[in-house]
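Contents: one structure, followed by commentary.
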There are 2 protein chains.
Amino acid sequence: MGDVFKALADPTRRTILDELADRDDQTLFEICSRLLTKHQLDSTRQAISQHLDVLEAAGLIDVRREGRYKLHSINRGPLEHIVDRWLDRS
Amino acid sequence: MGDVFKALADPTRRTILDELADRDDQTLFEICSRLLTKHQLDSTRQAISQHLDVLEAAGLIDVRREGRYKLHSINRGPLEHIVDRWLDRS
DNA sequence: TTGACATGCAAGTAGTGACTTGCCTATCAT
DNA sequence: ATGATAGGCAAGTCACTACTTGCATGTCAA
């Protein structure tokens, strides 16, 4: 089980979450191209793949295989209460 | 202006925030001793001091000088909405 | 004023993390 | 079957970060 806070510490990973929040079930290549066109992030496929591994280990994304495609979706569960640790949401 | 997410990425810094959430206006030495007794973290004073610098740069703690004491308090402001980026709190 | 206490500064070290590089496996269309 | 597409694995590089170490500054009590 990975660390949610450490997963969120990287700006590229946060941008990946932004894209997955905008559209579910994206493949690795879709994410790469959207990062490039919409955010000028020209990271390599392997770099993004490793970011996705970190996000998955932290439970922040769900992964589903569909033939030769691997579809990624955001999982907002871990985000729900991580900050309530210091906030009294009364 | 530091990165709030990066500041939260370190477990020791999160524990410091826990202690400051429990009691405001603590000095560096108070924080050190509470980390040791309550959390078995035997970090040096300098290490904790640098963590406090990071937390302050991120706006997560407020600092007030009182004579030779430097009093630290939690600032929950940056925590309020950092996660709303991906959550629709309707 | 002097010693004790609370903190500051800065250079160095070691481990971690993001990224690259090169090659390999798997699936699909033709 | 074969080429093209989508993804996986693993070793290596480089920069950053947490931590240490040693000394310096500032404040207070006596």
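Values below: all heavy atoms of this structure, side chains included; hydrogens, waters and symmetry mates excluded. To find a chain, count down the sequence lines: A is the first, B the second, and so on, and within it residues start at 1.
Looking at residues two or more places apart in sequence or on another chain, you find a salt bridge (charged side-chain N to carboxylate O under 4.0 Å, His left out) between B:D84 and B:R89. The salt bridge (charged side-chain N to carboxylate O under 4.0 Å, His left out) test applied to B:R68 returns no partner, not counting sequence neighbours. Residues that satisfy the salt bridge (charged side-chain N to carboxylate O under 4.0 Å, His left out) test with B:D53, not counting sequence neighbours, are absent from this structure. Evaluation of the side chain to side chain contact (heavy atoms under 4.5 Å, CB included) rule for B:A57 yields no partner, not counting sequence neighbours. In this structure A:D24 satisfies the salt bridge (charged side-chain N to carboxylate O under 4.0 Å, His left out) test with no other residue, sequence neighbours excluded.
When DNA chain D is scanned in the 5' to 3' direction for atoms under 4.0 Å from non-hydrogen atoms of chain B, the outermost contacting nucleotides are D:dT17 to D:dC28.
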### Task
Could you please spell out the steps behind the side-chain contact (heavy atoms from CB on, under 4.5 Å) verdict for A:E80 and B:L87?
CA-CA 8 Å; A:E80 297 282 356; B:L87 299 179; 4.0 Å; yes
Result block: side-chain N/O donor-acceptor pairs under 3.5 angstrom for residues 4-12 of chain A, not counting sequence neighbours:
{"unit_1": "A:D10", "atom_1": "OD2", "unit_2": "A:T12", "atom_2": "N", "d": "2.9"}
{"unit_1": "A:D10", "atom_1": "OD2", "unit_2": "A:R13", "atom_2": "N", "d": "3.2"}

Would you tabulate the side-chain donor-acceptor contacts of residues 31-47 of chain B under 3.5 Å, counting partners in other chains and residues two or more places apart, or write 'none'?
{"unit_1": "B:S33", "atom_1": "OG", "unit_2": "B:E30", "atom_2": "O", "d": "3.0"}
{"unit_1": "B:R34", "atom_1": "NE", "unit_2": "B:E19", "atom_2": "OE1", "d": "2.7"}
{"unit_1": "B:R34", "atom_1": "NE", "unit_2": "B:Q26", "atom_2": "OE1", "d": "3.3"}
{"unit_1": "B:R34", "atom_1": "NH2", "unit_2": "B:E19", "atom_2": "OE1", "d": "2.9"}
{"unit_1": "B:R34", "atom_1": "NH2", "unit_2": "B:D22", "atom_2": "OD2", "d": "2.7"}
{"unit_1": "B:T37", "atom_1": "OG1", "unit_2": "B:S33", "atom_2": "O", "d": "3.0"}
{"unit_1": "B:K38", "atom_1": "NZ", "unit_2": "B:E19", "atom_2": "OE1", "d": "3.3"}
{"unit_1": "B:K38", "atom_1": "NZ", "unit_2": "B:E19", "atom_2": "OE2", "d": "3.2"}
{"unit_1": "B:H39", "atom_1": "NE2", "unit_2": "B:E19", "atom_2": "OE2", "d": "2.8"}
{"unit_1": "B:T44", "atom_1": "OG1", "unit_2": "B:A47", "atom_2": "N", "d": "3.2"}

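Residue A:L71 belongs to a hydrophobic cluster whose other members are A:Y69, with links defined by side-chain heavy atoms closer than 4.5 Å. Taking a 4.5 Å side-chain heavy-atom cut-off between Ile, Leu, Val, Met, Phe, Trp and Tyr, the cluster of A:F29 contains only that residue.
Under 4.0 angstrom from either OP1 or OP2 of C:dC19 there lies no side-chain N or O belonging to A:T44.
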### Task
At under 4.0 Å between heavy atoms, which parts of nucleotides 7-18 of chain C does protein reach? Answer with one letter per nucleotide, 5' to 3': B base, S sugar-phosphate only, - none.
BBB-------SS
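Axis orientation changes by 30° from one end of the helix from C:dT1-D:dA30 to C:dT30-D:dA1 to the other, with each end axis drawn from 5 pairs and the value rounded to 10°.
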